[in-house]
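For reference, the structure is listed below as structure tokens.
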Amino acid sequence: MEAMIERCAGLDVHQETVVACVLFGPLDKKPKTSIETFSTTTTGLLALSDWLVTLQVSDVVMESTGVYWKPIWNILEGSFHLVLANARHVKNVPGRKTDVKDAEWLAKLLRCGLIESNFVPPEDIRDLRDLTRYRKKLIHHRTSEQNRIHKILQDANIKQHPFYQTFLVYRDAVSLKRF
């Protein structure tokens, strides 16, 4: 495989740790390897960023595993060219699998330009998506509680006036229009 990037890193991301493998050296020779493990706390991720800057890394790749990649992306976003790889596309050969081997495999693929990046929207769009999803969840919970109260009242043979039901529907529609 022909190398295209002189200094790159592969990150194997987990809930509590990140294993980083940096490949560096001339493109026409076998690269040198440096491997470190960092915590996923903010302090650990800042140490990861400093370590990558010290090694003059330009490109960083990580797998999109659950939500664990998000804090790492947020810390590294301004300093490096980041690539979020689909886990299915970068699957390694079956066999003995370790975090170090996974990080090294990702770095090798990135160095040769064999990883296609997934789309990650800009930070403001990501924030807006999170807020919108949370709002939708709150509305769903509110509706569930209204339905639960209505069922309890019906079970107790307490009839609601149709005006009250219409009022709830109207109130919900008005509150939706405000946003």
Side-chain angles (χ1 to χ4, degrees), residues 1-27 29-141:
M1 296 188 286
E2 185 180 331
M4 299 174 73
I5 301 171
E6 276 191 32
R7 295 178 174 269
C8 63
L11 306 180
D12 190 38
V13 179
H14 300 281
Q15 184 175 2
E16 295 182 10
T17 61
V18 179
V19 178
C21 173
V22 174
L23 299 179
F24 57 96
L27 297 176
K29 295 183 180 176
K30 184 177 179 183
K32 294 177 184 170
T33 304
S34 181
I35 298 172
E36 291 284 331
T37 301
F38 297 91
S39 165
T40 55
T41 61
T42 303
T43 306
L45 296 178
L46 290 172
L48 167 64
S49 179
D50 292 343
W51 181 70
L52 293 172
V53 167
T54 302
L55 293 174
Q56 300 174 343
V57 170
S58 60
D59 296 64
V60 178
V61 63
M62 65 188 94
E63 286 182 345
S64 58
T65 50
V67 294
Y68 301 137
W69 63 271
K70 289 181 178 183
I72 299 162
W73 186 279
N74 292 335
I75 296 284
L76 302 179
E77 189 171 19
S79 305
F80 306 97
H81 175 256
L82 298 175
V83 175
L84 185 65
N86 186 327
R88 283 188 223 148
H89 297 163
V90 294
K91 200 172 209 174
N92 200 348
V93 179
R96 287 194 174 142
K97 189 172 169 322
T98 66
D99 299 339
V100 172
K101 285 182 180 178
D102 286 348
E104 193 172 4
W105 177 249
L106 287 170
K108 285 179 181 177
L109 290 176
L110 181 63
R111 183 171 167 90
C112 296
L114 296 176
I115 297 180
E116 186 176 323
S117 180
N118 287 342
F119 173 71
V120 178
E123 185 178 5
D124 55 343
I125 301 297
R126 292 193 309 261
D127 292 342
L128 185 60
R129 281 181 174 182
D130 289 342
L131 288 172
T132 303
R133 288 179 182 134
Y134 183 62
R135 181 177 179 278
K136 185 177 178 180
K137 184 177 179 180
L138 289 176
I139 290 171
H140 176 73
H141 285 305

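All values below were derived from every heavy atom in this structure, side-chain atoms included, with hydrogens, water molecules and symmetry-related copies excluded.
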Minimal heavy-atom distance between Met4 and Cys112, with the atoms involved, is SD-O, 3.3 Å

In Val19, Leu48, Leu82, the residue satisfying side chain to side chain contact (heavy atoms under 4.5 Å, CB included) with Leu11 is Leu48

Distance col, row Asp12:CG vs Glu104:CD, nearest 0.5 angstrom, shows 12.0 Å

Quick note, side chain to side chain donor-acceptor pair (under 3.5 Å) partners involving residues 44-62, not counting sequence neighbours, are Asp59-His81

To the nearest 0.5 Å, atom CG of Leu76 lies from atom CH2 of Trp69 at 12.0 Å

Sequence neighbours excluded, the answer for side-chain contact (heavy atoms from CB on, under 4.5 Å) partners of Leu138 is Tyr134

Heavy atoms of Ile5 and Cys8 approach each other most closely as CG2-CB, 3.9 Å

Closest non-hydrogen atoms of His14 and Asp99, given as atom of the first, atom of the second and distance, are NE2-OD1, 3.0 Å

Inset, instruction - Examine distances only and state if a side-chain atom of Ser34 and a backbone atom of Val22 form a donor-acceptor pair shorter than 3.5 Å. - result: no

Only residue of Leu84, Asn118, Val13, Leu106 satisfying side chain to side chain contact (heavy atoms under 4.5 Å, CB included) with Glu63 is Leu106

**Heavy-atom side-chain proximity of Glu77 to Val120 below 4.5 angstrom** = no

- Between the main-chain N or O of Ser39 and the side-chain N or O of Thr17, is there a donor-acceptor pair closer than 3.5 Å? no

* Asked: Does CZ in Phe80 sit with more than 12 non-hydrogen atoms of other residues, nucleotides or ligands closer than 6.0 Å?
  -> yes

Distance col, row Arg129:CZ vs Asp124:CG, nearest 0.5 angstrom, shows 11.0 Å

| field | Minimum side-chain heavy-atom gap Thr33-Cys21 below 4.5 Å | value | yes

Here the pair of heavy atoms bringing Ser64 nearest to Ala87 is OG-N, 4.3 Å

request  = Please test Leu23 against Lys108 for side chain to side chain contact (heavy atoms under 4.5 Å, CB included), starting from the C-alpha separation and ending with a verdict.
outcome  = CA-CA 8 Å; Leu23 299 179; Lys108 285 179 181 177; 3.8 Å; yes

Between Ala9 and Ala107, the two heavy atoms sitting closest are C-CB, 4.1 Å

One should read off an interatomic distance between Leu128 CG and Arg133 CZ, to the nearest 0.5 angstrom, of 10.0 Å

Counting C-beta onward and ignoring hydrogens, is there a side-chain heavy-atom pair between Met62 and Tyr68 closer than 4.5 Å?
no

Taken to the nearest 0.5 Å, the spacing of Glu2 CD from Leu114 CG works out to 10.5 Å

Between Pro26 and Arg111 the two heavy atoms that sit nearest each other are O-NH2, 3.0 Å

d(Leu109 CG, Glu116 CD) to nearest 0.5 Å is 13.0 Å

